[in-house]
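In what follows, chains carry the letters A, B, and so on, assigned in the order in which the sequence lines appear, proteins first and then strands, with residues in each chain numbered from 1.
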Number of protein chains: 2
Amino acid sequence: MSQFENVTVVKKANVYFDGKVTSRTVLFADGTKKTLGIMLPGEYEFGTDAKEIMEILAGDLKVLLPGESQWAHIQGEGEFIVPANSKFKLQVTEVSDYCCSYINE
Amino acid sequence: MSQFENVTVVKKANVYFDGKVTSRTVLFADGTKKTLGIMLPGEYEFGTDAKEIMEILAGDLKVLLPGESQWAHIQGEGEFIVPANSKFKLQVTEVSDYCCSYINE
């Protein structure tokens, strides 16, 4: 879907890595949460609390998921899933637009 | 207000200046529109179609409004208004978080 309807948006941005990664929080009526974010080129490591489904809407990046030794390469659109309470690495080579869904299990 | 409720959010980001300025579009039930955006340090010139109310939520920037010869300096929170169909310049010195309201007159 190209837009989220009947949602709540938190006004202030979430800012990481000196603004090279930023996002806005979107809250859904069913109590779930997503963030819509932008990553500028750079190398980043993130940690998860909840399980995350990362949908890449546009961009170019490589991701190293926890326990993996091979980087996955996403150009344009793609998706990857990160387990709860883990860490993953990103090498972003083009401005990347993403939608991250937080899954409480 | 710290969040917008019962709104529609467009999933894809608006990306300008190689991603140094990005925003998400928020649509309201009354037909009005706002964008929530981030500007990284840099110098930018923007043009307006509708009148814009730019609320700075955080950051540090100077703005030169159309017809003015003096730059206004906003540190932290602030606001400025840009007439429709005009141009304004920004010198952003710290990552700046903004909410732009588009006013159709």
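When the shell of 6.0 Å around CG of A:D18 is examined, it contains 12 or fewer heavy atoms from other residues, nucleotides or ligands. Atom CG of A:N85 has more than 12 neighbouring heavy atoms from other residues, nucleotides or ligands inside a 6.0 Å radius. Surrounding NZ of B:K62 are at most 12 heavy atoms belonging to other residues, nucleotides or ligands under 6.0 Å away. Around CD of B:Q70, the count of heavy atoms belonging to other residues, nucleotides or ligands within 6.0 Å does not exceed 12.
A distance of 7.0 Å separates OG1 in B:T22 from CG in A:L40, rounded to the nearest 0.5 Å.
Note: A:V9 leads A:V9, A:N6, A:L57 in heavy-atom pairs under 4.5 Å with chain B. Contacts with chain A were tallied for B:K20, B:E94, B:Q3; B:Q3 has the most, counting heavy-atom pairs under 4.5 Å. Per-residue heavy-atom pair counts under 4.5 Å with chain A were compared for B:S96, B:G37, B:C99, and the maximum is reached by B:G37.
Only the side chain of B:E55 comes within contact range of chain A, with heavy atoms under 4.5 Å apart. If you measure heavy-atom distances from B:S2 to chain A, the contacts under 4.5 Å come from the backbone alone.
Hydrophobic clustering (side-chain heavy atoms under 4.5 Å, transitive across Ile, Leu, Val, Met, Phe, Trp, Tyr) groups B:V26 together with A:F28. B:F4 is not connected to A:L27 by any chain of hydrophobic side-chain contacts under 4.5 Å among Ile, Leu, Val, Met, Phe, Trp and Tyr, and they are in different clusters. Grouping the Ile, Leu, Val, Met, Phe, Trp and Tyr side chains by contacts below 4.5 angstrom, directly or via other members, places B:F80 with B:M39.
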Run the numbers on A:R24 and B:I38 for side-chain contact (heavy atoms from CB on, under 4.5 Å), then give the verdict. CA-CA 10 Å; A:R24 304 278 167 178; B:I38 290 284; 3.9 Å; yes
Would A:V15 and B:D97 count as a side-chain contact (heavy atoms from CB on, under 4.5 Å) if you check the C-alpha gap in whole Å, the side-chain angles of each, and the deciding distance to 0.1 Å? CA-CA 9 Å; A:V15 179; B:D97 187 7; 5.6 Å; no
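Of all the heavy atoms in A:L36 and B:V10, the pair that sits closest is CD1-O, 4.1 Å.
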